[in-house]
Structures are given as C-alpha cells and as structure tokens.
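Within every chain, numbering begins at 1; the chains are lettered A, B, ... in the order of the sequence lines, protein sequences first and strands thereafter. Values in this document were obtained by computation on a predicted structure and should not be read as measured data.
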Amino acid sequence: MRLQELAMIDGGYWAQTGSLGVGEATWRINMERVATALRSPWHTLGASYTLESGAHLSPPPPACSLRITARVRLASLVTSCPGPLSVVYDQGVSETSEKTHTNNWAVLVDTSRFWFNYRHVANVLSMYRSVKRLGIPDSQIILMVADDMACNPRNPRPATVFNNAHQHINVYGEDVEVDYRGYEVTVENFVRLLTGRLAPSTPRSKRLLTDDGSNILIYMTGHGGDGFLKFQDSEEITNVELADAFEQMWQKKRYNEILFIIDTCQAASMYEHFYSPNILAIASSLVGEDSLSHHVDPAIGVYIIDRFTYYALEFLERVTPDSKKTLAQFLQVCPKRVCISTVGVRLDLYKRDPSRVLVTEFFGSVRNVELTTRVLDLPKCGGSRQVAVNKSVNTRSSKATKPLHYASQLPLHHS
Amino acid sequence: MNTRLGSPVAWCAWLALWCVGVRADNKFTEELLLRPLASGHLHSHFEFTTTWSSPEISKAVHNYRDFEFAHYDLFPRALGEVVERYHVRELHLSLTQGLWRHRKWGYPVVDAPPGAQLWVWFNPTTDDLDQTWRDLVNALSGLICASLNFIDSTNTVSPELSYRPQGVADDWYAGNSSYMRYAALPRENVCTENLTPWKKLLPCDAQSGLVALLHPGPLYTAHYHSLSLHLRPSCQDADCHNAQLELVQALSLVQLPDSSAEGYQDWSLHNLFLVPLIYSCPLADISRIYVDITDNEDMKKFTLEPAPHQVEESGSEASHRRLAVYDTHKALIGDPFSIDAVYSDHHIYGMVSPPILHVSRFITGYGQEGGSITVKFTNTGPEPLTLVYLEVVPWYLRLFLHTSHSAEQLESMYVAKLVTARDRELPWLYEAVLEVGPRTTRELSLEFNRALLKWLEYPPDANHGFYIPAATVSTILPSPRNVSVNSLNESTLKGKLLVRDGESFVRIHTETLLVSLPTPDFSMPYNVICLACTVVALAFGPIHNITTKKLVLKKLEVKESLLTRLINKIKGKFRRSSKVDDGGAEKTPAAEPVVVEENPLYEDREELEDIMEEEEEEEEEDKDSCKPSEENSKKDR
Amino acid sequence: MAWGVWCIYVLGAGVRLWLMNSSGGDFIAKRVEFSTPLNSWKRVEEGVFLYSQGIPVYSGGVFHETPLCLLISSFLIRSWRAYLSLLFVACDLLTAALLAAVAASYSRKQLVEQKKNVDKYSVDALPLLLTSESLWSGVAYVSAVYLFCPYTVASCVAQTTTVFDNLVLATVLVSMVKGYSILFGGLVAVATYQSFYPVCLLVPGIISLVQEKNSISALVKPLLSFAVSLGLLMIMSAEIAGSWEFLEATYGFILAAPDLTPNIGLFWYFFTEMFEHFRLFFLATFQINAFVYVLPLSIRLRRDPILLATALLAFTAVFRSYPSLGNVGFYLALVPMWKHLHPFMRQTFIVGCMFVSTSVLGPIMYNLWIFSGSANANFYFAVTLAFNTAQIFLVTDLLFAYVKWEYQLTHGSKIEVDGSPGRLTLQ
C-alpha cells in the first residue's frame with residue numbers, strides 16, 4: 001500500500017491509501033507490520049494513534065516527514081514540528097515508475113503428480129509458452145514439472161499437452177527444456193533454488209542466477225490449502241517458509257522485483273506472510289475459496305486447465321513483445337464472474353503503480369536489440385553453393401607412435 | 001541458432017579466417033537407416049556422427065590424459081566442457097522408452113534398456129572417481145534435462161567383464177574396471193524435453209538436415225524410442241596411428257506404419273515423420289538415407305520410389321547385406337523429399353524365426369515378503385554359447401544366492417564378480433559367466449527378500465513400486481545372423497551396417513522389473529512414537545514402583561456416603577434380627593476387613609485365615625510350640 | 001516319575017521332528033516372529049555360501065552372525081547336513097534338561113534358605129511356605145513348558161540359532177545356581193559374544209555367587225574369566241573374519257538396528273517412522289532402556305538372584321532390537337519355578353488371554369498386510385504392541401507377587417492395623 005495524502009481533519013490527521021483499481025479484491029492489512037512501522041516515527045514525534053479504516057482526501061502538507069504504511073487515523077499529534085506533515089514512502093525508495101531491471105527470469109513450478117492433475121502441468125506449460133514467446137530465453141527459465149504428462153502412457157496424444165479441449169495450442173511444444181522434473185520437484189530443491197544454496201555440482205540450467213537487477217516471475221500451481229502448498233502429495237511448503245525464502249533473496253540481493261502468481265485453492269494464504277519489498281503477489285483465490293478448473297477434455301478424460309490460468313493465457317496470447325499492456329490490466333484478467341473465485345492481490349509491498357508497469361517487464365525479456373533498415377541478401381541454403389566447410393590443413397604426419405587398437409569386448413578366458 | 005551475419009564482405013573474411021586459422025579437422029555425417037522388420041514394423045535409426053581429430057586429441061588418447069579442447073567447431077561445446085572437466089575418456093548415455101524385442105526384431109544397431117543408462121570410462125587420475133562421477137551425472141542431468149542426478153552410490157557399479165571400452169584402449173586399461181562406472185535409472189522417461197537439448201548439440205541444430213525430420217509427435221507414439229549419445233576415442237584411419245574423438249548421436253525408432261485398408265504395409269518418409277525433409281545440413285560431409293533391402297531381392301517385396309542413387313551389397317549368407325543408398329545432398333534441391341515404399345503383397349503375420357540368443361527376465365513369487373528374479377536364456381543356434389550375465393539389483397532386495405548356486409549348477413557357470421549390497425550404500429553386482437547349450441533354454445533364479453524402508457525413503461507414489469534395472473547379456477555369436485553391426489572400426493553407419501563375416505559381439509538388455517515393497521503407514525509417525533513409548537513406559541512404571549517403594553500397611557479409611565451409611569444401618573438392623581433367626585455367621589459388608597487383593601483365590605485365604613486363627617488359639621494354649629519347625633522337619637527330606 | 005520324565009522328552013523330540021519334516025516346517029521357518037535377521041538359518045546358509053566362494057561375508061547386509069558361528073556352521077552344513085535337524089532337537093532337549101537342573105538346584109537352595117530363616121517368618125505364614133512337593137512339581141513343569149511351549153517348539157522347527165543361544169543361556173543359569181564362578185564367567189562371555197544382551201546376566205550371577213561364597217574372590221573370578229573369555233573370542237573372530245569388520249556387522253547391527261524387517265519387537269516400526277534427526281537419540285534411548293532395569297532390580301531382588309535373572313531375561317526379550325519368540329519361550333519356561341507366587345498374581349487371566357490372542361492374531365495380521373494387501377502395517381504393529389504389553393504385565397505381575405509374598409512371609413497375612421482393617425500399599 002502506498003500513502004498518498006495526509007490531511008488534518010477533526011483535530012487529527014487522516015491518511016488515505018492510494019486506489020488500487022482491483023475492484024472486488026479485499027484487503028488484508030498486516031496490522032503488526034503497520035504498528036511496528038508506526039511506532040518508531042511516532043515516538044520521535046510524540047504522537048498517539050489508532051488504526052481505523054475510513055479516509056478523506058486532502059492535499060498533502062509539506063515539511064516534517066512521517067512514515068506510514070496503512071490507513072490510520074491519527075488520534076492526536078503532539079509534535080515539535082513547526083509546520084504541517086509530509087509523507088515519506090516506505091523504505092525510502094524512490095517513487096519512479098520507470099523500469100529498473102536489467103534482466104528477466106522466470107521460475108515456473110508445478111507441484112502435482114498423477115494423471116488427474118494434468119491441468120496443473122497444462123497451467124505451468126501455458127505460462128512457460130507465454131514467457132518464452134515474449135522473449136525470456138530457456139537459460140533464464142527454471143521449469144519444474146512434477147510429473148510427465150506429455151509422454152505419460154495414458155496420454156492419447158503423446159508429446160502434447162493441451163490446455164484447450166479443441167486442442168488449439170500444444171503448450172508442450174517442440175522446444176521445451178524442463179529443468180527439474182519428476183521426483184526432483186521437492187520443497188527442499190525449490191527453496192534451495194530460490195535462495196541459491198545449491199550443491200557445487202548443480203548444473204547451470206538448474207540454478208537461479210539472478211542479481212539485483214533481475215525481475216523474476218514466479219508462478220506456482222498445484223493443490224494448496226490455508227497456509228500451505230502441497231508438493232507431490234507427500235510434503236508441503238508453508239507460507240512462512242516461502243516468505244522467509246523471499247526475504248533471504250532480498251537480503252542476498254537476488255531480485256529487483258518479483259511477480260508472484262499462484263493458482264491453487266486458498267491461494268491468497270500463501271502471500272499472507274510476505275515481508276520483503278518489491279513483491280507483487282497475485283492469487284487465484286482467497287482464503288476459504290477454491291480455485292476451480294475450467295473444462296474437461298473428454299478425449300483425454302481429465303480437466304485440462306484451471307480457470308485463472310486459462311484467462312490469463314488468453315490475455316497473454318494477445319501480448320506481443322512490444323505491447324503496452326499494463327499489469328493493472330493483467331490484474332483484471334479474471335473477474336469473479338468467470339473465475340468464480342476472487343482473485344487476490346497483494347500490492348502493499350510493491351512500490352510502483354501497476355497501471356504504469358508493463359506486462360512485458362515480467363513476462364518478457366530485456367533484450368538489447370539493434371534495429372537496422374539495411375536489407376541483406378542471404379544465399380539460398382542447400383543449393384549448389386554450399387557453405388564452405390573448413391577443409392583442414394591436415395595434421396602433420398605423426399611421429400612413429402605405436403598403433404592403437406580396440407579392446408576385446410568379451411575377455412573370457414575359457415575355463 | 002541464427003547467426004546474424006554482417007555484410008557479405010565481412011562474411012567472406014570470416015570464412016577465410018576460418019579456413020586458415022583452424023588446424024583441427026571436424027567432420028559431421030548424418031545417416032538414416034530404414035529397415036522393415038519381419039514382424040511388420042519399421043525400424044528407423046538416425047546416426048549423427050561428429051568426429052574431431054587433432055594432434056592434441058591424439059596425444060591425449062595415447063597417453064590417457066584429459067582432453068583439452070580449444071577452438072570448438074562442429075563438436076558441441078556444451079558436451080566438450082563436461083568431458084574436459086570430468087576426466088571423461090568414453091561416455092555412453094541412452095534414454096529409452098519401450099522394449100526392444102530381440103525375439104522378433106533381431107539385434108539393433110545400438111541396444112539400450114528401458115529408462116536411462118549411463119556408463120563412462122574415465123582417464124586414470126588421482127581425483128576421487130566417485131566424487132567425479134557424482135559431479136558428472138549432475139552436469140549431464142542439466143545438459144540433457146533428465147533426472148540423472150539420482151545416480152549415486154546406491155545404483156552405481158563397476159562390472160568386471162561387461163561394458164568394455166568401445167574406443168581405443170590398451171589391455172591394461174580395459175581390464176581395470178575401477179576406471180569405469182555404470183548406472184541405470186529404469187524409471188526415467190524420455191520426452192521432448194530430452195530431445196530438445198539433444199538436438200541442440202548437433203551442428204545444424206534443429207533447423208536443417210535429417211534432424212528436421214525429428215518432430216516429437218510421431219517419435220513418442222512409436223513402439224520403441226531410444227535417444228543416445230556415444231563418445232569414444234576411435235581410430236582415425238585403418239592403420240590407427242592417430243586417434244580422433246568420435247561423438248555419435250543416435251536415435252532409434254520402431255514404428256508400425258499405418259497400413260492401408262487392404263493390409264499393405266506401405267510406408268513413406270512423410271507418413272513416418274509427418275514433416276517434410278527439404279534441406280540437408282550444409283555442414284555435413286555425408287548425408288545419406290539407407291533402406292535395408294536385404295530381404296527384398298530384385299525389389300519383389302516392395303519397390304522404392306524414387307529409385308535409390310546406389311545399391312551397396314556385401315557379405316554372403318549370414319553376413320549378406322544390401323542397402324539402397326540415397327544421397328540427400330543430391331536429392332534435396334529445395335522441394336520436400338520423401339521415399340515411398342510400395343508393397344506388392346499384404347503383410348503376413350506369421351512366425352518370425354528368432355535370433356540365435358534371446359533372453360527373458362521376470363519376477364516369480366507372490367506377496368511382498370520375497371520372490372525371485374528368474375531369467376531364461378534361449379539358444380536357438382547349433383553351437384553352445386558362453387555368455388556374461390550382469391545383474392544390478394538395488395540393496396532393498398536382499399538376494400539369497402545359495403538357493404540357486406548349488407554344486408551342480410556351478411558346474412556350467414561361475415560367478416565372475418559378486419559385490420554384496422550394503423544397506424543404503426551399495427547395490428548388488430552379480431556378474432556370472434554361463435554356458436547355454438545348443439538349442440536349449442537355461443534358467444537362472446535369484447531369490448530375494450524385500451526390505452522395509454524408512455518412511456522418507458519411499459517416493460511420493462510408493463505404491464507404484466520400485467524398478468530393477470535391466471540386466472545385460474554379452475556374448476559372442478558365431479555368425480552375424482540378425483546382427484546389425486559387428487565392427488568397432490567403422491566410422492560411418494554404412495560401414496557398420498555392412499557386417500563382416502565371422503564372430504559377432506552382441507550386447508543385449510532384458511526387461512526392467514517392477515517390485516512392490518511393503519509400505520508402512522505414512523501418516524503415522526507421531527502415533528507410532530507415542531504408542532511405542534507408551535509400552536516402554538508401561539514397564540518403567542511398575543518397575544519403578546517395585547524398586548523404589550516398599551510395602552507398608554496403612555489403615556483403611558472407609559469413606560461412605562450418607563446414603564450408603566443409611567442403607568448399611570438399615571441392613572445391619574435387618575441382619576441382626578435375621579442373624580438371631582438364622583443363626584448364620586454372615587458378616588456384614590461394613591464389618592468385613594477390606595483386603596487389598598481381590599483375587600478369587602483369596603477366598604481360600606480367608607478359610608486359611610480362619611484355620612490359622614484356630615491354630616493360633618491352639619498355640620496360645622500350649623506355650624512351648626515347636627510345631628511349625630516340626631511340621632517343617634516333616635516336609636523336609 | 002522317571003518314566004514320566006522320559007515320556008515328555010521323547011514326546012517333545014517327536015513333536016519337533018514331526019513338524020520339521022512336514023510342510024509346516026518350511027512355513028514356520030519363514031515366519032518373522034521366529035526368524036529375525038539375526039537368527040535366521042537361511043542367512044547362516046547364505047553366509048556360509050559366500051564364505052565358501054571367497055566373498056567377504058561381513059561387507060554386505062545379509063549375514064550377522066559371529067565369525068565363530070560362521071566357522072561352526074560351515075562345518076555343520078558341509079559335513080553334517082543330514083543330521084542338522086537332529087542337532088537342533090538335541091540342543092532343545094538338552095536345554096530343557098539343563099533348565100530342569102536349574103529348577104532343581106534352585107528349589108533345594110530355596111528350601112535350605114527357608115529352613116535357615118524360619119524364625120524370621122511370621123506365625124501365620126505357614127501356608128505360604130515352600131514345600132518340596134510344590135517345588136518338585138515346579139521342576140517338572142519347567143522342562144514340560146520348555147518342551148511343549150509352542151514358542152520354543154516352533155523356534156526349534158524353524159531352525160533358528162536362538163536354539164543355540166538358549167542352550168548357552170541355560171548353561172549360564174546352571175553354572176550360576178551351582179556356583180561355578182569361572183565357568184559362569186566364560187559362559188556369560190559366550191552368550192554375550194553370540195547375542196550381546198545376556199551381558200546383563202553378569203549381575204545376578206555375581207550376586208548369587210557372592211551370596212554363596214561370601215568372599216571377594218567370588219566377585220573377581222567371574223569378571224576376570226568373562227573379560228578373558230570375551231577377549232579370546234574376539235581375537236579368534238578377528239582371525240577367522242580377517243579383519244575387525246565383523247564388529248560392525250554383528251554388534252553394530254544389533255545396536256544400530258538398521259534392518260527394519262518386521263518382528264515382534266518395538267524397534268522396527270518405530271524406526272521406520274522416525275524422523276531422521278531424532279534417530280540417534282531414540283536409538284540410544286531404546287538400547288539404554290534394555291539395560292536400565294538391571295541395577296534397580298538387582299538391588300531390590302538381591303535375595304533371589306534367579307528371579308532377577310528371569311526378570312532381566314524377560315525384559316531383554318521385550319526390549320532387544322530383534323526379539324524372537326524363542327527368547328520369549330525361554331523365560332516362560334522359567335516362570336513355573338515360582339508356582340508359589342501364583343496366588344499373589346492378579347493378572348494371570350488377562351495376561352493369558354492376551355498371549356493367546358496376540359499369538360494368533362499376529363501372523364494373521366502379517367499375512368493380511370504382506371500377502372493379501374488388505375490390511376496395513378498398523379494392524380500387525382498393534383498386535384505386537386499388545387503382545388509386548390502382555391509380556392510386561394506378566395513379569396511385573398510376577399515381581400509384584402514376589403514382593404507381596406516376601407512381605408507376608410515376614411509380616412503375616414493379617415491385613416490389620418491395630419485391629420481395624422488396613423491395606424498394603426507401595427509407598
């Protein structure tokens with residue numbers, strides 16, 4: 001949340017948070033954080049306060065600064081301040097809405113195993129497809145799929161995963177690289193991936209090599225509950241663990257901004273405990289609600305996509321790498337009448353205005369491209385004029401080394 | 001990999017630089033074999049061979065040193081760096097889905113078991129090879145997008161006689177199995193995600209050449225699909241003074257061509273792979289398609305359209321092979337190219353004569369306590385065969401070998417290497433040399449007991465079961481009948497396919513097996529701990545009482561409620577009156593002394609008490625009582 | 001009388017031989033209640049096979065017997081294979097005879113004690129006193145129980161090495177009762193060498209010997225002979241096995257219990273479901289628990305070392321890492337020596353019913369879990385817990401009965417305080 005204006009009314013100061021444009025999303029204000037944040041400046045200013053909701057608008061006064069992170073009603077303010085108060089935003093970050101990232105990464109996690117969870121794999125592959133199409137290279141995407149649906153013996157169309165009963169798009173595609181698959185998708189591996197504490201022999205494609213200029217898209221899907229996400233039906237990750245992992249990432253300067261999308265039941269509980277800055281969290285359902293799947297494909301026999309991801313994908317299919325669509329539009333992608341569950345958003349940790357952030361800042365990639373208008377004439381491939389393969393300057397005649405030979409393949413001494 | 005070229009001038013300069021600056025020789029060949037099998041299936045085998053010869057490589061091979069690559073050209077750098085770093089001399093990796101049916105299809109070009117299989121020969125080095133192996137499998141798992149990182153000491157072995165180096169090697173090196181590691185993961189599945197990085201190792205990437213035929217759809221609908229990487233140092237020429245590094249990327253498929261309504265097994269390249277072949281790889285020296293027409297005398301069974309550029313024939317009788325050769329460099333001129341085979345008659349599903357040796361393995365027994373692995377070797381040839389049987393069994397199946405290795409069985413076989421498993425550390429390595437007589441079937445059984453694992457050692461789908469990797473059978477067949485390749489010396493697929501006469505080495509794999517282990521209840525850890533500790537405490541309590549306390553007589557405080565007292569009073573009055581009437585000696589409940597033990601036997605005790613009271617009275621009567629001791633002395637012997 | 005004794009021995013041998021040669025023999029040999037990874041004869045045969053092939057026996061996870069046992073078994077299997085069943089039966093008969101001898105000596109000692117202490121006893125303790133008839137019937141019952149108790153019969157039919165362990169334990173008890181201190185030390189060393197837990201028998205033995213001889217040499221001699229014998233056995237084993245690797249495969253295996261094959265004990269399921277970082281702690285706790293009752297019980301039961309030994313054997317049978325029903329049968333055979341305590345035991349009916357029902361339900365639940373796939377491990381575990389509880393109740397009941405009997409001997413059976421009713425409590 002962001003504080004916009006401060007006003008003096010009824011002998012007390014009122015502050016109002018900015019509007020978010022999400023519509024029906026409800027707010028869960030972390031009162032502890034608010035109280036903690038309020039305590040220190042208030043003591044210096046010698047004020048007391050009560051936390052209430054309700055706001056009034058008024059132009060902000062200048063001079064002495066005050067740090068506020070929630071809607072508050074300031075009961076009284078005894079201050080040595082000569083003039084009216086002004087507002088300073090959380091953590092002293094600048095108010096700029098320009099992009100500050102230098103590279104993009106994506107971590108896409110499917111945590112469900114077994115054939116009847118086909119839709120979770122379809123979810124994550126839909127995101128993979130969009131993200132790849134919009135420019136993030138495979139080397140910067142970590143794809144974790146807990147079970148093999150494409151080449152599953154029960155799949156009537158091997159090597160394909162569809163997210164639509166009319167099989168419009170094969171989201172598995174022909175160019176897919178899964179980094180963590182099968183039994184490798186565990187809570188431990190996921191947290192190690194995020195925090196960077198991997199074994200020394202872990203290959204590059206399984207590492208999240210982000211830095212403080214990286215925008216990371218983290219998408220998780222599977223079965224969840226109030227405060228946890230199930231991994232492969234045998235273990236769980238709790239929202240506290242996830243929040244701590246993100247805090248570790250922040251402390252180690254492993255991200256610039258994170259867009260955290262989660263499509264499970266009671267998904268909003270997973271972002272409840274986040275306390276690191278620059279995280280924008282979107283959940284497909286609130287606590288107490290289930291996320292529903294979209295439709296079943298009778299040929300395959302299972303539900304093949306979840307509602308939130310289906311509509312998100314519909315939106316993303318219309319995004320091109322140079323699109324100007326904003327995150328605020330993305331947040332509106334699944335209103336309650338189509339999603340049936342309410343999409344939850346957490347904006348208080350994210351300092352920028354979503355209506356000024358482009359979707360491609362998370363789903364696309366920063367690419368250094370040089371545009372040219374010169375026309376090039378490339379020779380026709382496969383024709384009579386072949387690419388001259390290097391016919392080498394042959395090796396010098398070798399010195400008289402003893403000849404090599406192949407080993408005997410079955411060295412049995414006949415007994 | 002679209003290299004964006006600059007102006008044409010720059011391009012020429014770059015090319016010139018290329019030609020001059022590079023000393024090493026990189027060669028790339030791509031070949032495809034199409035072989036109709038006797039059972040009506042079609043076997044396609046792609047081989048992409050990249051060879052790299054340079055004086056440094058040759059020296060490294062001669063001296064058994066690590067390779068040090070510089071100036072990568074066609075050889076994939078991603079693999080080269082892994083090979084350099086981990087002291088690899090020879091590497092064989094395969095990912096397979098499906099089972100190759102030797103009985104119906106003969107012996108393939110490259111035999112691979114279902115799942116993943118990796119075996120590597122390392123250079124002699126002072127580094128800990130086990131650690132190097134662990135690091136290598138991690139690197140390969142990232143390279144090929146498979147879970148090879150599950151290979152660890154519990155499924156790695158170093159067999160003695162099987163899996164000898166296929167590259168140039170001296171006897172002292174080839175005989176030392178400590179330089180070699182072998183592991184198999186039968187559960188690994190292969191899908192497009194493994195094909196993608198594999199394709200990217202090729203010089204022409206996935207763009208042009210025969211690799212463009214590899215569209216995932218038909219590949220994974222096949223009956224058998226095997227993706228493999230084989231890296232070995234090979235002879236550069238016939239006299240073999242210099243060695244080169246050879247990387248073979250092979251893809252084997254067995255498909256059943258869609259037959260027409262009348263049952264003709266017509267097939268075409270386009271129907272098989274569903275993608276057009278338009279461009280050949282410009283970086284390929286040789287780019288050819290072979291159709292095996294060994295059984296197709298004078299094109300009587302099927303005709304090929306277009307006609308082959310060349311027909312190569314070699315050998316006689318068992319080693320007779322005939323290949324129709326298409327040179328794709330000549331054939332692909334910018335239009336889609338396809339080879340059509342038109343059959344003259346429908347396919348007859350009849351008896352397929354089996355090859356000389358085929359093996360079958362299965363599990364016997366019932367329940368989750370024990371069982372046995374039984375393997376059947378069938379020798380259909382006229383000569384006895386000596387074969388090496390390698391079995392790697394996970395530690396949680398405890399083998400009992402004495403039941404199947406009685407003295408009489410050990411007459412025609414011996415165990416070359418046996419490494420007993422250690423719980424959670426080493427698997428069983430069983431390597432035996434057996435003889436199978438002509439036209440006989442021999443059975444070998446290994447009895448096992450199933451272990452109960454710790455609850456965290458079970459995979460998330462514990463009731464699916466656990467896989468036992470495929471066993472390997474290596475033998476030298478007396479003739480090349482049904483054999484696809486039998487020479488290590490050739491560098492092209494064609495050379496390998498035109499087999500030579502005489503003995504042929506063949507290595508075949510059996511089926512993988514699935515066993516279910518007894519599972520505990522995964523939801524019970526706290527309950528179990530509480531209950532077991534309760535039982536322990538049940539012993540602790542009473543013992544503590546017995547050992548730290550002593551028996552003390554305490555006054556009994558009979559607390560009665562008001563009601564009970566009233567009732568007792570009434571009863572007492574009633575009794576007293578009835579006592580006078582009956583004259584019985586019934587005691588009122590209230591007056592009876594309450595005894596601690598409520599043992600029914602104690603009724604006897606009460607009688608005894610009465611008796612003892614009488615005795616006491618008697619004793620009191622005569623003061624000098626020696627009776628107890630007298631009685632004792634009577635009872636004493 | 002003697003004719004009756006011979007009769008039961010012949011009958012016992014007959015039952016065992018008949019069962020061994022029937023199909024039931026193979027079936028019983030595979031039951032986990034009798035064959036554990038430590039005493040299964042199949043594993044011994046496997047170890048002998050590996051030894052004959054020159055493969056290191058102790059580097060794997062199959063063979064856990066001691067090297068001397070390996071040597072003896074390889075000789076037996078190679079030369080005496082035909083007579084093996086007879087050997088097992090003979091050992092069982094010998095054990096029964098030795099236990100009868102223990103009971104006889106014990107009875108004699110108790111009667112002598114009684115005569116010495118008769119003046120300490122209260123006047124009305126007459127019916128509580130031991131009579132030679134009751135003690136002699138106790139002796140007969142001891143051997144009869146050992147010969148006919150289904151646990152011991154099946155343990156012999158299954159050809160488990162518990163038969164040999166029981167034989168050595170019986171000799172230990174005989175030497176303890178008869179007062180041969182050096183022999184006792186040596187035999188305890190052999191018993192410890194074979195299965196580790198009988199080391200706790202040193203304490204009752206030393207108490208008994210000290211009470212008999214009343215000199216410090218009775219304390220030193222058995223300890224010294226124990227140490228020397230054990231050392232010799234260890235050195236011989238190292239020679240046979242070639243290295244000290246066997247320690248990890250034998251005693252390391254007993255203490256660390258890595259093999260989680262189901263058995264009648266508490267360890268297997270507990271450690272199957274144990275969290276990894278608590279494993280070592282609970283392992284240590286459980287192993288200490290097997291020995292923790294030695295000291296307190298020996299202080300309390302110092303006047304009756306045989307009862308102490310029986311109680312310790314019983315607790316060992318319940319709390320050891322790989323118990324088998326052969327261990328249970330052994331101490332059950334000793335219980336009839338205290339027939340006189342039976343009137344004071346309160347839970348005989350419950351205990352008896354629990355023994356019968358759990359012994360019947362156990363194999364059924366195991367079959368349902370492993371072969372039918374319809375039950376799960378919890379059923380079998382629950383039945384084994386009930387069985388262990390029954391054993392614990394039996395022994396604690398016996399000890400309580402002893403305590404009460406002792407009290408009533410010295411204080412009389414009248415439960416009165418100054419004429420008004422009172423009661424006995426532990427305080």
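- Neither the backbone nor the side chain of C:F267 comes within less than 4.5 Å of any heavy atom of chain B.
- To the nearest 0.5 Å, atom CG of residue B:L538 and atom CD1 of residue C:I392 are 6.0 Å apart.
- Side-chain contact check for C:F381 versus B:P520: every heavy-atom pair is 4.5 Å or farther apart.
- With a 4.5 Å cut-off on non-hydrogen atoms, C:E406 does not touch chain B at all.
- Surrounding NZ of C:K30 are at most 12 heavy atoms belonging to other residues, nucleotides or ligands under 6.0 Å away.
- Taking every heavy atom of both residues into account, C:E46 and B:L401 meet most closely at OE1-N, 2.8 Å.
- Looking at C:W369, the atoms closer than 4.5 Å to chain B (heavy atoms on both sides) sit in the backbone and in the side chain alike.
- Residue contact with chain B, scored on non-hydrogen atoms closer than 4.5 Å, involves the side chain of C:L50 exclusively.
- Shortest non-hydrogen contact noted between B:D521 and C:Y269 is N-OH, 3.0 Å.
- Across B:V419, B:L399, B:V536, B:D423, the residue that shares the most heavy-atom pairs under 4.5 angstrom with chain C is B:V536.
- The main-chain N or O of B:F540 is found under 3.5 Å from a side-chain atom of C:Y293 such that the two form a donor-acceptor pair.
- Looking at C:V403, the atoms closer than 4.5 Å to chain B (heavy atoms on both sides) sit in the backbone and in the side chain alike.
- Rounding to the nearest 0.5 angstrom, the gap separating the CZ atom in C:F49 from the CG atom in B:L418 is 7.5 Å.
- Contact of B:T519 with chain C is made through the backbone alone, with heavy-atom distances under 4.5 Å.
- Within the 4.5 angstrom heavy-atom criterion, only side-chain atoms of C:R279, from C-beta onward, approach chain B.
- Aromatic ring pairs are classed by plane angle as parallel below 30°, tilted from 30° to 60° and perpendicular above 60°; the pair C:F275 and B:W455 is perpendicular.
- Neither the backbone nor the side chain of B:H544 has a heavy atom closer than 4.5 Å to any heavy atom of chain C.
- Side-chain atoms of B:R422 do not come within 3.5 Å of backbone N or O of C:G61 as any donor-acceptor pair.
- Using a 4.5 Å heavy-atom threshold, the side chains of B:T420 and C:F63 count as separate.
- The number of heavy-atom neighbours closer than 6.0 Å to CD of B:E425, taken from other residues, nucleotides and ligands shown, is above 12.
- Under a 3.5 Å cut-off, the side chain of B:Q368 and the backbone N or O of C:F371 do not form any donor-acceptor pair.
- B:E408 CD: 12 or fewer foreign heavy atoms inside a 6.0 Å radius.
- One distance of note links CD of C:E273 with NZ of B:K454; it measures 13.0 Å at 0.5 Å rounding.
- Interface check for chain B: of the options C:A377, C:P37, C:S59, the most heavy-atom pairs under 4.5 Å are formed by C:S59.
- Heavy atoms closer than 4.5 Å to chain B are found nowhere in C:Y402, neither backbone nor side chain.
- Residues C:M274 and B:I529 are in side-chain contact: their nearest non-hydrogen atoms beyond the backbone lie under 4.5 Å apart.
- Below 4.5 Å, heavy atoms of chain C meet heavy atoms from B:E447, B:L452, B:L453, all part of residues 444-453 of chain B.
- With respect to chain B, the highest number of heavy-atom pairs below 4.5 Å among C:L266, C:N378, C:L297, C:N376 belongs to C:N378.
- Side-chain contact between C:V44 and B:H402 is absent, with no heavy-atom pair separated by less than 4.5 Å.
- To the nearest 0.5 Å, atoms CD (B:E369) and OG1 (C:T261) are separated by 9.5 Å.
- For a residue to count as touching a neighbouring chain, one of its non-hydrogen atoms must lie under 4.5 Å from one of that chain's; by this rule B:W428 touches chain C with the side chain only.
- Rounding to the nearest 0.5 angstrom, the gap separating the CG atom in C:L385 from the CG atom in B:L531 is 6.0 Å.
- In this structure, B:T548 OG1 and C:R300 CZ are separated by 9.5 Å, a value rounded to the nearest 0.5 Å.
- Ranked by heavy-atom pairs under 4.5 Å with chain B, the first of C:F278, C:F393, C:Y366, C:F282 is C:Y366.
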